[in-house]
Structure formats: structure tokens, C-alpha cells
Amino acid sequence: MKILELHIYGFGQLENVKIIDLHDFQVFYGENEAGKSTIMAFIHCILFGFPTKQQSAELRYEPKHSTKYGGKIRIVHESHGGAVIERVRGKATGDVKVAMDNGRMGGEELLKELTGNFDKSLFQAIFSFNLHGLQNIHQMKNDEIGKFLFSAGTLGTESLAKTEDFLQKELEMRFKPTGKKPLLNEKIQELHRINEELKIAEAKNKNYTNLVEKKEILHQEMMEINKSLQDLGEKIEKLNEWKRIETIVKDEKWIMKELKELGEIGFPVRGIERIEKITQFIHPYKAEINSITERIENLNKELTVIQPDQAFLKNEPAILSLLDQVPLFEQLKQEKLKCETKLLAIEEELSTTKEKLHINLNEEDIFSINTNIYMKNQVEAVSRKTQKLEEVKEELESHYQEEKGVLEEVEKEVRFVERLVLSKQERLLLEDKVNSANDKKGLEGELRSLQDKIDFYQQINERDKAASAKQVKQRKLQFYLFEFILAFVTLYGVLSRQWFLVTIGLLGCIFIALFMTNSKKQSQDADLNQTLISLRDKEKKLKQKLQSAEYLEITKLEEQLILDKQRREELQVVKIKLKQQQAQYEKVIAKFEQWELESAQNKEKLLSISRELKVPEYIANSFLLEAFELIEQYKMNCREKKLLQTRLEQINQQQEKVTKSLNYYEQLYLNEKGLDLYNAAYVLRNKLKEEHGKQITSQERLAKLNDLEADLKQKSQELAHLQLEYNQLISSAKVETELQFYELGAKAEKKEKLIERLESLQSQLQYSILSEQDRENFLQIHPSDEVITEYNQEVHLLQTALKKRLEEQASIKYEIQVLEEGGVYSDILHQYKQKKYELEEAAKEWSVFCIAQEILVNTIEKYKNIHLPRMLSKAEEYLSFLTDDNYHRIHLRDSGSGFLVERKDHTIFEANELSQATTEQLYVAIRLAFAVTLYEKYHLPIIIDDSFVNFDAKRTEKVIELLKGMKRNQLLFFTCHKHLLPFFQRENVLFLEKGAVQIIS
């Protein structure tokens, strides 16, 4: 499965982010908090579901500023084709939809089919690779590293090592054969101790049971006496309480009767006090209102006298701005003069530059020429390249002439030696002559053998000819016989007019005649014996050799051959020298060709730049850089000229604007006309001050008037409110006059006092132990002190009986205590059974851990024997590559879990004996081998999160090279380290920056 696109609707800090065209080896680079962890979590969540709110260990990445939550991933599956997986907010893990390119739709079931039924934890253990595993190695003790690496090679995480350690610790906490502190050891010892106590108590059990029964009877009798004492005590307490509250209860009854007679009185709360207070405020308010009204009339008259010129003040900002510009008028004059002088100088400089360039271009054409930093850099580069090419050309020409002269000398030497060397044909002839002379006896023996062969083949040929002649005669007789039979058949067919027989007879005769002709031809061909001809040719050649070898001078021929051999060796040496010189010459020629290519490219680039700069070619060839600098200077002067012209226009506009504005305000507001610029400004400023004074005075009077009017309004409202409150008080008492109001108030006051008295009495009765019903009963029966005396006598009798039983109970308790010196039998028996039950439960729990450990050990052994060898073979290959063949073998321990590593010198190391860096390389090799061997049929993406930051440059390069070679799985590599980027192709790197994604260019 390969991920092609990511579309994040809302996930953590990322909102509406699309990442397309993911490669087989995709790198995500970004600084901290750029979104790398968010993208990794997004991929996990879309494929396997959002974490539930109960899973507090995992972040949900719900967006803070968006309601959209989730996104979609486009994938291509090796067997199912393309698909889009979308997961959004919904049920606990989100609502998922899967849309296949073939039209098939589905949900979680189809998604599990695409992901091979992996869940998130298994996927992260196998295909999700982060720094956590390496950090675990850093933090482990020496004896734990081997187990951790073995666990990483079996499950992909350290879970196996943790589980193994956990089970061992749990077993040791519960039982040790020679231990005392473990739980099972303690319970066994305690059970033995209680068993001994149980045997002692069993003998005393019979007497002990009788005493306990008697003690229970006494306890019941004492409880009954205590209950009777409690009842009598309650009765006595109630009678004493009644004697205390009798007067209070009678006063309560009388007050309630008085209140009933007064009935309901509708009088406002604190009505008398409130109406007196309102009356005291009404009269002062009326006097204040009259005073304020008179002051308002006086201020209105004063305001009509002082009124400023509002039209003039309205233009105050414009006038002030104009007056501020008057002092600058003289400065503008000076600046104008300077600008005009500088403009003349620039125009003269432009004319000089144009003459130097000798280009017929106007200013607009000059500005269209590109003179940016890039163009300047190109011009400088081309100029430097041109100069360098000229220097190289001179050097190459010198070298060319030197190598050419040497080559010509060597060629002359080769031609001279070649003329001295014999030709191949001449040398072969000499060698044959020498060999023939030396091998004369051998040739004679060979000739005799050859003649014997010829005689033998002649005899065989004669015998074959005789046999063939005999066979030919026999065949002729057979053919004649067949011819006679066929002729007879033909004649019979003619006579009997059976034309079928005639046809067969004629065809048979023709066929036999042809067959006889071929047979004769074959017999004639067989007479030709090729073997004899070949042998006779050899015989003839041997005889010629023997005849010529008798007359040769052997010594002279051998000297010629030795001399020719020396000259051939000399020729070979000279040819080797020629080849070497030709190679040197060709190198010079190749350099010339390379120079011409670079020169042509540089020329083309120079012409392109000259066309772009609009510089003639003859100038560009020699003075391109100077022309560029002049064009650049010309453009700068033109810009400065335009700036000066613009500034002159601005100065003229400012001067004209100031003059026109002053004339305008002079005609509009001043009595004096025709003033010069500075006098007009002075008069306008004075008029502004005068009008401002009027405005300030007017504003002060107006503010005071507004305060008085607001005060008048407030006083009137308060007076109306007091009058309204007064009327409401009278009407709330349902009376018409103030006198009736006071009379009703007196009655209300009396009722209030009675209620207060009643509340006081009721508060005293609130804490009494007597209920309402008890108080009513005591009011009717009037109990006396004699009843209390009778109750006290009964209490005394009961206390005497209770004391007697307490003494008897103490005696029985003493006897029981004597029997309980070794513990009561039933209690000890109960403790024994309880401890036995606890021991059995603890043993069951211990056996569960034993079985779990045994299953784990059996599983590890099965895994080691069946699956692990193939994984270790691949891990060895990876480790050898990562360590440059320094470590090339990984061995399993004979028992338990853990690895042994073999170095190239056959030294064996345990995992904890390796260096930190080598241990990390071993971990990486095991993890990668685990993913590509045991789960090779699942082509899920491998996600790596900054797992190699502790490696040096060489180790990092090796592990990146290893990852690039893993073509079966897509690799998603997340990093925040910029120094890793040169290891990857630029098109494979995505740059993350606060929610944005782009390709590094």
C-alpha cells in the first residue's frame, strides 16, 4: 500500500492542508511545532481511528479554531487498486468511508481489508519507527540490552522484554524456594504457626463453650435493665423540663390570644419614620429649584453678547497649516536653486555616458534594459570566462605544438623499424624451411606411414569394388525379372482391353528403368574415393618438402629469424610508445574540442547578454563589463534626474499653493487688503487668537449653563420622586389624611411588639426536649413532685440489680480469659481456614504467572526455531552493510532471549558489550529486517521519525543508503535536522512551516 495524497480538514494546528504526489521515499522537513508529529498522528488516525476520550495516553488533536475534524488519504493498493479513505468526527473513533476506484464503497470492514487487519498498536510496533527505541537503549542497564534487542526483533517493540521481566519479578515476589519475605513463603509459615495454636486450644474448647453461653445470658439481662433505666430517665427528664418552661408556655398562649384580637393591620414597614423623613426633604428642594431657574435666565442673556466667528474658526486647521508653511517658503526657494544646478550637472554626465556607450537609445529604452544583480553576476561571469578561455587557448596551443612534434618523431621511428622487419609471409617461409630441415627424419617417417595408409585404403577400395559389382549384377537380374513381369501385365491388358493394367504396367516399367539408371550413377559416384585423394595430396607435399630441405643453409636462416625477432620486439616497443604519444596527442585534441565547445557556449551566452543589454557585438566582445557598468550608471543618473524634476514640480506647486491660499483668506476675512505674504500671515494669526478667546469664554458660559440646567432637571426629578413616595405611603395604609396614618401606625407598633415577644418565647421553647403534644398534655394534668420521687426509687432498684449482674459478668470474663491464654479454639480454627484459603488463592495466582511464563518461553523457542533465522539472515546483511563489514554475524543464545554479535575477526560480543553507536545500528538492522521478512506480504508504509540523530555523518549516510534500497515499502521520513537534507533528492523533500507545505527548491 502506498499513500499518494493527504487532505487534512482539521487536525491539531493544521487546517485545510493538502499534500499531493507523495514519493516512494518521501521526506518531511520542518522545525519544532511545524506539524510533523501532527501529520504522523493524522495518518495513524485516518487508517486506524481517532483515540477515544478514555485513552488519555494519546492526544486527539482536535482543532481549536475549527469545527472540522479529520480528513482523507488517497492510497494505491497492490491488489485492490486505488482508494480514498475519509474519516471525520462521529462515533468514538470517528466515521470512516472508503471509496475504491472500481466503484466499491465501504466502511471499517473494507478499511481492515486494505490494511491487512492491522490495528494501530501492531502497525506502530512494526512499521512506525521513532527515536523512542534508541532512547530506551541509552537508558537501559547492560544486562537488559540483549533482551530488548531480542524483543525488538520479535514484536517490533520492547514489549517482550518488559513482559518477561514483569513475569519473573511477579513470580519472585510471590514465592522463592529458600525465601522468607515472598508472599507464599510468609503465608506458609503463618499457617504452620496457627496450626500449632489450634491443637492447644482444641483441648480447652468444651469448658470454654459453657462460659461463653452464660456470659451471653447475663449480657441480655443487663441490656433489658439498661433499657428500663433509660425509659425512667427520659420520664424524669421530661418532668424536670416541664417545671422549667411552664411559665413560658402560658405567656405564649396569652400573646397569641392578643394577636388574634388585633387581627390583620395593613401598615407599611417603618411608615411613621419614612413619612417624617420625606416631609423634611420636600421644602428645601422647592427653594433650590427657584434659585437655579433665576441663574439660568442671567446666563442666557450674557451668551447673546459674546459670540465668536464660527465660519472663521471652522477653517482654523487649514489656516494653521498654511501659516506653518510660510517660514518654509524661503527654504523652498533655496532648495529649488540647488535642484536646478544639480539637474544641469546630471544632464551633462548623461550626455558624456551616452557618447561613451555610442548607443542610439532613449531613456525609456535604457530603463527597459535588465541590470539586476543576477544580470550583473552573469556579465561578470561571462567576462571572467572569456579571459580564462583566452589564457587556456594560449596554453593549449603551446602544448599542442609540443605533443605534435614528439608524435611525428615517434612515427618516423616506427616506419623505419617496420621497413627492417620481415613480412609475415617471408617469416613463415623461413620458419617452414628451418622446421623442414630440422624435422627431415620425422617427415620421412610420416611419409612412410602415409604410404602405408594409402596401400590399406587401396586394398579396401578394390574389395568394395568387387562386392559392389556383384551386388549390381544381382540387382540387374531382379530388375529384368520385374521388367518381364510388368511387360507381361501390359501385354495382357492390351489383349484383354483392361487399360488399367496397361497403365500400371507402363508406369512400373518407367519407374524401374529410372531406378536402375540412378543405381548405376550411385555406383559410379561410390568409385570416387575422397580419402585416397586427400592422402595422395599429403604424400605429394611431404615429398616436395623433403626434396627442398636437402639444399638449405640452416645456420644462415636461423640468424635471420633471430634478427627479425629482435627487430619485431623493438617495433612492438616503439608502437607502444607511439600509442602512448597518440593518447597524449588525442588528449590535447580533446581539450581543444572542449575549449571550442566552452568557447562557443560562452560566445552564445555573451551574444545573448549583449542583445539583452542592447550593446553592439563588437563592444560586447571586449568591453561587456564596462558597457554594463556604464548602462547601470546611466540608469542611476536618469532616475536621479527624474527625482530632481519631480522635486522641482513639487516645490513650485507648494509655493503656488501657499500664495493662493493666503490671498484667498485675506480677501475673505481681513479688513486690510493688498498685504505682502508675511504681513498677511501675521494679521491672520492675530485674528485667530482673538476669535479663540471669544470661543473659550463662550464655551465656559455654555458649560456653566448646561450644568445649571442639568442640576435643575435633577432637582425637579428628585422633588417629583419625593412627592410620589409620600402619596404612595398614604395610599398603602388605606387612609386619606396624615392624622389617620399616624393613628394606624400606633396600632401597628403595638402588634409588632407582641410579635417580637412571641418570637422570643418561641426561641426559648425551640431547644426544649418536650414536643407540642407533650406540652399540651402537661397543661392538662399538672404533674406534682411526688411522681418524680416514685420514678427515682424505681431507678435505684434497677441500678442495684445491674450492679449485681456486672459483678457476675466480671467473674465469668476472668474465667474465659484464663482459657483464652492460648487463643479460643473457634477463632483459631477460623483464622486457620482463612489463612489456608488465602494460601490457596495466592498459589493459584502464582500458578497463573508460572503458566504465562512457560507459554512465553515456549513461544520464544518456537519463534527462534521457525521464524527468527530468516529475519536474522536479513538483519546480518543490514548490519554488515551499516558497519562496513566490521560485524557480519548475529547468533542466538542457546537458552533464554538475547543476541551475540560476531566481528569480522570472529570475536563474539554480547549486546551489552558493544559500543552505544554499534548497538543502535544493530537495533536499526533488526527492526528493518523484522518489517521486510516476517511481514513481507504486507506492503504498508514505513514511518520513521528522526531515529538517526545520534549517528555521525558516516553512519547516517550508510543508514540513508540502506533505506533507499528498500523498494518494497513506501518510506515516510520525518526530520527537523537540516543537515540530513543533502542525503535526499530535492523533489522528495516537503518543507513544513506552521500549517503550510511546500517543496524545497
Side-chain angles (χ1 to χ4, degrees), residues 23-29 36 126-138 140 145-146 148-150 152-153 156 870-891 899-936 941-989 1000:
H23 297 80
D24 290 338
F25 196 128
Q26 186 63 61
V27 180
F28 294 85
Y29 167 73
K36 300 187 299 300
I126 298 165
F127 298 103
S128 193
F129 201 125
N130 57 25
L131 193 60
H132 177 68
L134 299 181
Q135 288 175 340
N136 282 347
I137 293 179
H138 298 168
M140 283 184 178
I145 294 176
F148 171 79
L149 292 174
F150 183 82
R870 189 160 61 95
M871 188 277 288
L872 283 181
S873 176
K874 180 61 71 172
E876 287 173 352
E877 178 186 337
Y878 289 164
L879 181 63
S880 177
F881 177 79
L882 291 175
T883 60
D884 290 329
D885 293 330
N886 285 327
Y887 297 89
H888 61 278
R889 294 296 303 276
I890 302 173
H891 304 282
F899 294 121
L900 300 174
V901 182
E902 182 179 344
R903 201 164 60 188
K904 65 181 180 181
D905 59 357
H906 304 295
T907 305
I908 303 295
F909 295 93
E910 293 188 3
N912 60 340
E913 294 175 333
L914 297 173
S915 67
Q916 189 68 50
T918 308
T919 307
E920 292 178 2
Q921 287 177 316
L922 177 60
Y923 174 75
V924 171
I926 290 172
R927 280 298 305 270
L928 293 177
F930 178 69
V932 301
T933 55
L934 302 185
Y935 292 88
E936 60 185 344
I942 295 176
I943 301 174
I944 301 175
D945 178 18
D946 261 349
S947 296
F948 317 122
V949 296
N950 295 323
F951 285 4
D952 56 26
K954 185 177 179 181
R955 286 189 173 94
T956 303
E957 184 178 359
K958 295 295 286 183
V959 76
I960 295 299
E961 187 178 350
L962 176 62
L963 292 175
K964 288 180 178 178
M966 299 176 67
K967 303 296 185 183
R968 293 176 59 258
N969 298 76
Q970 182 185 26
L971 278 129
L972 304 179
F973 186 81
F974 294 82
T975 181
C976 63
H977 296 277
K978 199 169 186 178
H979 68 274
L980 296 179
L981 297 184
F983 293 111
F984 309 105
Q985 297 181 1
R986 288 185 174 272
E987 61 269 17
N988 290 354
V989 179
I1000 294 180

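Atom CG in Leu980 sits 5.5 Å away from atom CZ in Phe973 (nearest 0.5 Å). Atoms CD and CG, on Glu957 and Leu962 in that order, are 12.5 Å from each other to the nearest 0.5 Å. Leu963 CG to Leu928 CG: the interatomic distance, rounded to the nearest 0.5 Å, is 6.0 Å. Taking CG of Leu879 as the reference point, atom OH of Tyr887 lies at 9.0 Å (rounded to 0.5 Å).
Within the 4.5 Å cutoff, the side chain of Thr975 has no heavy atoms near those of the Phe28 side chain. Between Ile908 and Val901, every side-chain heavy-atom pair lies at or beyond the 4.5 Å cut-off. At a threshold of 4.5 Å between non-hydrogen side-chain atoms, the residues Tyr878 and Val932 count as touching. Counting heavy atoms from C-beta outward, Gln970 and Ile942 have side chains that stay 4.5 Å or more apart.
Under a 3.5 Å cut-off, the side chain of Gln26 and the backbone N or O of Leu971 do not form any donor-acceptor pair. Between the side chain of Gln921 and the backbone N or O of Leu882, at least one donor-acceptor pair lies under 3.5 Å. Under a 3.5 Å cut-off, the side chain of Thr919 and the backbone N or O of Ser915 do form a donor-acceptor pair.
Contacts of Phe25 classified as ring pair (Phe, Tyr, Trp, His ring centres under 6.0 Å), with partners at least two apart in sequence or in another chain: Phe984. Taking Glu876 as the reference, Arg889, Ile890 meet the side chain to side chain contact (heavy atoms under 4.5 Å, CB included) condition, with sequence neighbours excluded. For Lys36, the salt bridge (charged side-chain N to carboxylate O under 4.0 Å, His left out) test picks out no residue, with sequence neighbours left out. Checked against side-chain hydrogen bond (donor to acceptor under 3.5 Å, both in side chains), Thr883 has no partners two or more places apart in sequence or in another chain. Not counting sequence neighbours, the partners of Glu910 by the side chain to side chain contact (heavy atoms under 4.5 Å, CB included) test are Arg893, Leu900, Asn912, Glu913. With sequence neighbours left out, the side chain to side chain contact (heavy atoms under 4.5 Å, CB included) criterion links Ser880 to Asp885, His888. Every residue meeting the side-chain hydrogen bond (donor to acceptor under 3.5 Å, both in side chains) condition with Lys904, not counting sequence neighbours, appears here in chain and number order: Asn886. Residues satisfying the ring pair (Phe, Tyr, Trp, His ring centres under 6.0 Å) criterion with Phe127, sequence neighbours excluded, are Phe118, Phe123.
Applying the salt bridge (Lys or Arg N to Asp or Glu O under 4.0 Å) definition to pairs two or more places apart or across chains, none involves residues 974-984. Pairs of residues two or more places apart, or lying in two chains, that qualify as salt bridge (Lys or Arg N to Asp or Glu O under 4.0 Å) and include a residue from residues 958-967 are Asp884-Lys958.
One finds a salt bridge joining Lys874 and Glu877 here, because a Lys/Arg side-chain nitrogen approaches an Asp/Glu carboxylate oxygen to under 4.0 Å.
Of all heavy-atom pairs between Ala925 and Ala875, the closest is CB-O, 3.7 Å.
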